**Q** 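The structure's right below; bear with me while I get my questions together.
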Number of protein chains: 2
Amino acid sequence: MNIGEIAKRAGVSRSTVSYALSGKRSVSEETRRKIQRVIDELGYRPNASARALANGRTSTLGLVFPPAGNHYTGMQLDFIGSVVEAAAAYDYDVLLSPSGMDSDRSFQRLLAERRVDGAILMEIRLQDDRVDHLVAENFPAVCIGRTARSDDDWWVGLDHTALAAACVHHLADLGHRRIAFVNRPEHLLRAGYESAHRGLDGFTKAAAERGLTVRTYCCGDDAPSGQACMERILHDDPATTALVTLNEAALGGIYRGLAAAGRHVPRDFSVTGVVAARWAETVTPQLTAADVPAEQMGRLAVELLVERLDHPDAAPRHHLLAPPISLRASTGPAHPGTAA
Amino acid sequence: MNIGEIAKRAGVSRSTVSYALSGKRSVSEETRRKIQRVIDELGYRPNASARALANGRTSTLGLVFPPAGNHYTGMQLDFIGSVVEAAAAYDYDVLLSPSGMDSDRSFQRLLAERRVDGAILMEIRLQDDRVDHLVAENFPAVCIGRTARSDDDWWVGLDHTALAAACVHHLADLGHRRIAFVNRPEHLLRAGYESAHRGLDGFTKAAAERGLTVRTYCCGDDAPSGQACMERILHDDPATTALVTLNEAALGGIYRGLAAAGRHVPRDFSVTGVVAARWAETVTPQLTAADVPAEQMGRLAVELLVERLDHPDAAPRHHLLAPPISLRASTGPAHPGTAA
DNA sequence: CTCCTTCGTCGAACCGGTTCGAGGGCGAGC
DNA sequence: GCTCGCCCTCGAACCGGTTCGACGAAGGAG
């Protein structure tokens, strides 16, 4: 039942049981065995709440992500999985908190009620009140993504600017001159989501550098939106021969839109973007893309957070990742007849 | 800081502050306002661990799912999202526990250390030690899926037998005579996962009823495995004209395998199965399938669990769902020339 | 033989809430 | 005017651990 019960049955005091379990003071071998036997018999495990209250640590990490109203993307899901696994390796549990908006109830619960020792934030915005709030309180947190001013903060991020630019250069090298950009949904762009902004930035600058003609689009996070977006692209400029996308969930729809328009990938039209490998391999032809290393990022985020928890005064650290483009089957040279 | 600090500044006792917050005893309007002002000034929120210790409830639900080593399927991910959202509506947090195996460390933590008030289990096996254990302890839990003996238990499940059978009948009605079944990976089947078993059962019985020639396959949870499996199917019996699958993650590979073999869907080959709508819509042509209502199931699981927590002696309840087949574009009449 | 350590154990206080029983103040009823 | 009862409020105990200071016994040094 509780530690007092164990103590009574072992004929020792509560504190001795506690020391036997924690090893923070020496306990005679004989006493330790006596206690251990009682514990094994009763299947005793110390109560987590009591322990958390006494030593001020909950052994739980918070994972803060936007509410699922708009479905999760595969990338977000991969993050969740890898964070949970990595946390388990450090003996931390993970508490999920669907808190997109600033200072909402769920977020407050996590922090102010001290349910978690630290937090990992997903879907960061360039100006993010949640992050500002955490930084101001010096609360141990690590972001997956980074805000506009991120030098003195803890995060693991993708270099979306460089990745989008790499996609543009890849297409330009293949001879494409008129390309489109399919971004995340418009409300996310307006809200300032960093991947949407930096990706768009990288795309636009690289395209200007290479003198390409571009159009940029926002697209809902689902297949039907992807198809509609593809139709719009071909309607707006039928001479478009390639696109770059950050929108994983729209990918299936984009492919369908191309098929419906009679464009063969990659002969008539090239598609590339920033997408986790397992999703890039789902479509046919498989997508040439900068593979988002979601698992690695989740693991790194946990490692950083654990380090920050163990060394409260450590200097901020971060990892900026820029995976190379994996050449698969969705891009090819611009068709001479099609190029404008 | 803590309730004592609030009490001191408001000039009352700690118990009065507690009652003012909980409303379990009446507090004069004046005192209440005084306390509230101090709380607002200091931004006080009661410590969750202390509260949990005192009243024996953590306001947290555990979500037990298999470790991500084998990646999550879209369905699992939809469950996680909907469970978290539904739980938030009832003021519960959700603690994730990656515990596929019986009685492993993470599972023990949740239960024995009383980190959660109740648990939701995913990926149930026909004989499931975890479930037996929970039932034996009368621990408040709800399964997404059901064991072999499930009458006196709490669960939300899909009628996989009926769904697989419905798929078979749909194909038989279209004139298909030689069909295949693509199941979840073999190790899951061997481990006794209920969806794999019941789905296979329903498929086999319905096919026998209709006098169809069948082959059944296990297939890894990813696109490359799906493609390999498709190749095997066409190699083993080139006259196969349709298949039924429970394996969402393999779907993209199955389509690719068909394309590689020059089989057009649905003209030359029909594909159907049990898949969440948003994934069925991702492939081209869109999949005719029994749409797994993942969101509804997650919500129902939380509702059942909350009810069980509120009424510890309530009789077991469950929901068996059998969504109809949504006709999309991946099935068609057996081609006269192709049918054996 | 005495003094001083060291080792093992214990009791008590504490973490920050909740809850119970008791008691003070005040108005109503007789 | 006294008593009864109600409304508020308070102090103390409790939830189940951890941790600190103290203390008795055993052992080594002088």
Side-chain angles (χ1 to χ4, degrees), chain A residues 1-39 42-60 91 93 108-117, chain B residues 1-39 42-60 91 93 108-117:
Chain A
M1 204 60 135
N2 61 27
I3 202 174
E5 186 67 22
I6 303 296
K8 201 191 305 173
R9 302 211 188 192
V12 299
S13 73
R14 303 197 306 150
S15 51
T16 301
V17 175
S18 179
Y19 286 125
L21 280 154
S22 70
K24 295 193 179 173
R25 279 196 191 175
S26 56
V27 171
S28 74
E29 189 52 34
E30 186 195 340
T31 307
R32 184 193 313 283
R33 265 203 307 273
K34 218 164 40 185
I35 292 173
Q36 192 57 51
R37 214 184 41 234
V38 175
I39 285 179
L42 273 64
Y44 164 80
R45 310 254 348 216
N47 178 299
S49 302
R51 172 140 44 186
L53 176 58
N55 64 19
R57 297 171 22 100
T58 60
S59 293
T60 303
D91 269 328
D93 285 325
Q108 286 303 314
R109 277 172 69 128
L110 280 203
L111 305 194
E113 300 184 5
R114 312 226 96 83
R115 275 173 204 272
V116 299
D117 296 334
Chain B
M1 204 63 133
N2 61 29
I3 202 174
E5 187 66 24
I6 302 296
K8 202 192 303 172
R9 301 211 188 190
V12 299
S13 73
R14 303 197 306 150
S15 51
T16 301
V17 175
S18 179
Y19 287 124
L21 280 155
S22 70
K24 294 192 179 175
R25 278 195 191 177
S26 55
V27 171
S28 74
E29 189 51 35
E30 187 195 339
T31 306
R32 184 194 314 281
R33 266 203 307 272
K34 217 164 39 185
I35 292 172
Q36 192 58 52
R37 214 184 41 232
V38 176
I39 286 179
L42 273 65
Y44 164 80
R45 310 259 342 220
N47 179 299
S49 301
R51 204 204 300 251
L53 177 57
N55 63 21
R57 298 171 22 101
T58 60
S59 294
T60 302
D91 268 328
D93 285 325
Q108 287 303 315
R109 278 173 68 126
L110 280 203
L111 305 194
E113 299 184 4
R114 314 226 93 84
R115 275 171 205 273
V116 300
D117 296 335

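The shown structure was predicted, so the numbers you read here are calculated from the model rather than taken from an experiment. Each chain gets a letter, A, B and so on, in the order the sequences are listed, and its residues count up from 1.
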**Q** Using whole Å, what does the distance between atom C1' of nucleotide D:dT19 and atom CG of A:Leu21 come to?
**A**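 So the CG-C1' distance, A:Leu21 to D:dT19, works out to 14 Å.
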**Q** Considering non-hydrogen atoms only, spot the tightest contact between B:Ser49 and A:Arg114 and give its length.
**A**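 Here B:Ser49 and A:Arg114 meet closest at OG-O, 4.4 Å.
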**Q** For the pair B:Asn2 and B:Asn47, evaluate side chain to side chain contact (heavy atoms under 4.5 Å, CB included) and give the outcome as yes or no after the intermediate values.
**A** CA-CA 8 Å; B:Asn2 61 29; B:Asn47 179 299; over 6 Å; no
**Q** Can you list, by residue number, the residues of residues 48-57 of chain B that have a non-hydrogen atom closer than 4.0 angstrom to DNA chain D?
**A**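 Listed by number, they are B:Leu53, B:Ala54.
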**Q** Would you work out how much the helix from C:dC1-D:dG30 to C:dC30-D:dG1 bends between its ends, with each end axis defined by five base pairs, to 10 degrees?
**A**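 The end-segment axes of the helix from C:dC1-D:dG30 to C:dC30-D:dG1 are tilted 60° relative to each other.
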**Q** With the sugar-phosphate defined as primed atoms, P, OP1 and OP2, and the base as all remaining atoms, what B/S/- string results for nucleotides 7-13 of chain D, 5' to 3', for protein heavy atoms under 4.0 Å?
**A** -SBBB-B
**Q** Could you give the distance from CZ (A:Arg9) to CD1 (A:Ile35), rounded to the nearest 0.5 Å?
**A**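 A:Arg9 atom CZ to A:Ile35 atom CD1 measures 14.5 Å (nearest 0.5 Å).
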**Q** Closer than 4.0 Å, any side-chain N/O of B:Asn47 to the OP1 or OP2 of C:dG16?
**A**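 Negative; the distance criterion is not met.
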**Q** Below 4.0 angstrom from OP1 or OP2 of D:dT18, is there any side-chain N or O of A:Lys24?
**A**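 No.
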**Q** Could you tell me which residues satisfy salt bridge (charged side-chain N to carboxylate O under 4.0 Å, His left out) with B:Arg33, sequence neighbours excluded, listed by chain and number?
**A**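 Only B:Glu29 meet the salt bridge (charged side-chain N to carboxylate O under 4.0 Å, His left out) criterion with B:Arg33.
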**Q** Apply side-chain hydrogen bond (donor to acceptor under 3.5 Å, both in side chains) to A:Arg14 and list each qualifying residue two or more places apart in sequence or on a separate chain.
**A**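 For A:Arg14 there are no side-chain hydrogen bond (donor to acceptor under 3.5 Å, both in side chains) partners, ignoring immediate neighbours.
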**Q** Atom CD of B:Glu5 to atom P of C:dC15: distance rounded to whole Å?
**A**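 After rounding, the reported distance stands at 12 Å.
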**Q** Rounded to whole angstroms, how far apart are CZ on B:Arg115 and C1' on D:dG17?
**A**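 Roughly 13 Å, once rounded to whole Å.
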**Q** Distance check needed: D:dG17 C1' versus A:Arg45 CZ, whole Å only.
**A**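 After rounding, the reported distance stands at 14 Å.
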**Q** D:dT18 phosphate, OP1 or OP2: any side-chain N/O from A:Ser18 under 4.0 angstrom?
**A**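 Yes.
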**Q** Rounded at 0.5 Å granularity, tell me how far OG1 in A:Thr16 sits from NZ in A:Lys34.
**A**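 Going from the OG1 atom of A:Thr16 to the NZ atom of A:Lys34 covers 9.5 Å.
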**Q** Has B:Arg32 got more than 12 heavy atoms of other residues, nucleotides or ligands less than 6.0 Å from its CZ?
**A**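 Buried by this count: over 12 neighbours within 6.0 Å.
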**Q** Let me know the distance between CD1 of A:Ile6 and P of C:dC10, rounded to the nearest Å.
**A**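 Atom-to-atom, A:Ile6 to C:dC10, this comes out as 15 Å.
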**Q** Using 0.5 Å steps for rounding, measure from the CZ atom of A:Arg109 to the CG atom of B:Asp91.
**A**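 The CG atom of B:Asp91 is 5.0 Å from CZ of A:Arg109, to the nearest 0.5 Å.
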**Q** So, A:Thr58 side chain and A:Ala52 main chain: donor-acceptor pair closer than 3.5 Å or not?
**A**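 No, A:Thr58 side chain to A:Ala52 backbone: no donor-acceptor pair under 3.5 Å.
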**Q** Residues two or more places apart in sequence or in another chain: which of them pass side-chain hydrogen bond (donor to acceptor under 3.5 Å, both in side chains) with A:Ser15?
**A**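 A:Ser15 satisfies side-chain hydrogen bond (donor to acceptor under 3.5 Å, both in side chains) with A:Ser13 once adjacent residues are dropped.
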**Q** State the CD1-CD1 distance between A:Ile39 and A:Ile6, to the nearest 0.5 angstrom.
**A**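 One gets 5.5 Å once the value is rounded to the nearest 0.5 Å.
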**Q** Rounding to a whole Å, what distance do you find between A:Lys8:NZ and D:dG16:P?
**A**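 Atom NZ in A:Lys8 sits about 12 Å away from atom P in D:dG16.
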